[in-house]
Structures are given as structure tokens and as C-alpha cells.
Amino acid sequence: VCDLCLAGRYQGETAQTACSACLAGSFANTTGYSVCDLCDVGLYQGAQASTGCVECLPGSFAGLTGRSICSLCDVGRFSGVNATSVCTDCSAGQKQQSNGRSYCIDCLEGTFQSAVRQTTCLSCAPGRFANDTAAETCVACAIGRVQPSGGSSECVDCIAGTFMSLTGRSSCAVCAAGEYSPVNASTTCTSCDPGAVQSQNQQTSCIACDIGKFIEAGGQTVCDLCAQ
């Protein structure tokens, strides 16, 4: 009477006196195996004479059968569950700079990432902002607002005496002499009315002509003397 090979061992030939151990990456979970089974994808077995395989942990994978070890997910990728056969790319708006991770990291406010499988987030350029985490793009500052610094989560209003009529700008323009802007976040400057002038740049109001002086046109810098 022949004996059956024990679990974890096999014998594929006739008239043998011993059974052989299943190699790493394979197993025999019952007696009498003539050939060992390979570990399935997502599983591994590092020891010989094994009766089963082990699940790859989060952050690792086994994409082929018969693996003796699991591979770590590359940078920019992750696996969040056991027994996976492939790692997943980090989404746009995320990053992962380390190998073997089970998650990706959201880009912080003021930064963004428009591509998948990335290791870093990028700072928003001056004139743009991102006020949420995991941003895929930065937003241009609205008219009347600017942002002089990169990596910002908001824009700032142009102060009175200045303006900005374009989006995505890093600095405000100064109201010229003969003009003014009385409030913050102005998108244009206003010309001085007839009878008032402004000789300086970046002003919030105009000055009425003194007695004995006048100006008929708007947007002027000096008053004229009245005729004697």
C-alpha cells in the first residue's frame, strides 16, 4: 500500500520513496497532491511545504500567480485593501511620495495637482488660489482682487485708490491723477467730475476747485483761474 503525500508536499512520479515540499509561491492544502497549486494573484507564500497562501497587505500587491513575496505599490499609487493584484493611481488633486502606501494624500489649500499618479502637489501661481483641499486646478482671482504670492488659498481686495479690471492678476493698478476709487475691490477708477480735480495718483476722492477757480471738463488734475 502506498502512502499519500502529506499536505504541503507532492510527488509527481511513480515508484518514489518520498514526497517533495511545495516550493515557495505554491501550496497543497490536502494529502495526495501530484503537483502543487500556485498562489493566486493577490496572494503569496514565502515558505516551502505550505498548505495555503497569505493575502498581500494594503500597500502591496501580487500581480502574478505563484508569488513568494508581495511587491510594494510604487510612488503615486496605493492599495487600500488586502489581497489586491494591482495598485491604484492616486487621483488628480492627490499625491503619494512613498512606496508601499494604502492611501493617497490630498493636496493642501493653495496647492493643486491636475494629473494622476503624482508624488507632489504644485503651488498655485501668483494671481491664482485654491481654497479647498484636493484641488485639481487653481482659480484665477476675480476682477478687483489680486494675489501677489504663490501657494495661496485666497485673493485680496485692491485697496481704495487702486483697481484691477482683469482676472488672475498679482498686483493692483494705481488710479491715475484725475481719477479716484473710493472703495476696496474696485474694478475701474472714476474720473473726477467737472468742478473737482485730483493731482495725485492712488487717491480715494477728488477735491473741489477753490473759490476763484473752475474746471469744466472731468478727469482733470488742476483747476483753472477764473477770468478777472
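Positions are given from 1, in the same order as the sequence printed here. Being a predicted model, the structure only gives us computed values, none of them experimental.
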For C175 and Y180, which heavy atoms make the closest approach, and how far apart are they? SG-C, 3.9 Å

Name each donor-acceptor pair under 3.5 Å that joins a side chain in residues 42-51 to protein atoms two or more places apart or in another chain, with its distance.
| unit_1 | atom_1 | unit_2 | atom_2 | d |
| --- | --- | --- | --- | --- |
| Q45 | OE1 | A47 | N | 3.0 |
| Q45 | OE1 | S50 | OG | 3.4 |
| Q45 | NE2 | G52 | O | 2.8 |
| S50 | OG | A47 | O | 3.2 |

For the backbone of E154 and the side chain of Q147, can you confirm whether one donor and one acceptor N or O come within less than 3.5 Å of each other? yes

So, T162 side chain and I159 main chain: donor-acceptor pair closer than 3.5 Å or not? yes

At their closest point, which heavy atom of Y33 faces which heavy atom of F27, and how far apart are they? CE2-O, 4.1 Å

For D74, enumerate each residue passing the salt bridge (charged side-chain N to carboxylate O under 4.0 Å, His left out) test, keeping only those at least two apart in sequence or located in another chain. R117

Minimum-distance pair of heavy atoms, taken over all atoms of C5 and R9: CB-O, 3.9 Å

Compare every heavy atom of C226 with every heavy atom of K213, then report the nearest pair and how far apart it is. N-SG, 3.7 Å

For residues 54-66, please give each side-chain donor-acceptor pair under 3.5 Å, one per line with the distance, not counting sequence neighbours.
| unit_1 | atom_1 | unit_2 | atom_2 | d |
| --- | --- | --- | --- | --- |
| E55 | OE1 | N82 | ND2 | 3.4 |
| S60 | OG | L57 | N | 3.3 |
| S60 | OG | L57 | O | 2.7 |

Rounding to 0.5 Å, atoms CG (D89) and CD (Q118) come to a distance of 9.5 Å

Please say which of L122, T137, T119 ends up in a side chain to side chain contact (heavy atoms under 4.5 Å, CB included) with Q113. L122

What one should report as the nearest heavy-atom pair of C87 and R77 is O-NH2, 2.8 Å

Point-to-point distance, once rounded to the nearest 0.5 Å, from CD of Q94 to SG of C107: 8.0 Å

Output the rest of the hydrophobic cluster of I211: all Ile, Leu, Val, Met, Phe, Trp and Tyr residues reachable through side-chain heavy-atom contacts under 4.5 Å, sorted by chain and number. none

Going by heavy atoms in the side chains, are S26 and L38 under 4.5 Å from each other? yes

Does N131 have any side-chain contact (heavy atoms from CB on, under 4.5 Å) partners at least two apart in sequence or in another chain, and if so, which? F129

With rounding to the nearest 0.5 angstrom, report the CZ to CZ distance, R169 to R128. 11.5 Å

Using the rule given for side chain to side chain contact (heavy atoms under 4.5 Å, CB included), can you reason through C39 versus R67, listing the C-alpha separation, both sets of side-chain angles and the distance that settles it, and then say yes or no? CA-CA 7 Å; C39 292; R67 300 289 297 186; 5.9 Å; no

Does M164 belong to the same Ile/Leu/Val/Met/Phe/Trp/Tyr cluster as V156, with side-chain heavy atoms less than 4.5 Å apart forming each link? yes

Compare every heavy atom of Q96 with every heavy atom of Y103, then report the nearest pair and how far apart it is. O-NE2, 2.9 Å

K95 vs I105 side-chain heavy atoms within contact, under 4.5 Å: yes

Which pairs would a plain distance check flag for residues 194-210, meaning a side-chain donor or acceptor within less than 3.5 Å of a matching protein atom at least two apart in sequence or in another chain?
| unit_1 | atom_1 | unit_2 | atom_2 | d |
| --- | --- | --- | --- | --- |
| Q198 | OE1 | Q200 | N | 3.0 |
| Q198 | NE2 | S205 | O | 2.8 |
| N201 | OD1 | A177 | N | 3.0 |
| Q203 | NE2 | N201 | O | 2.8 |

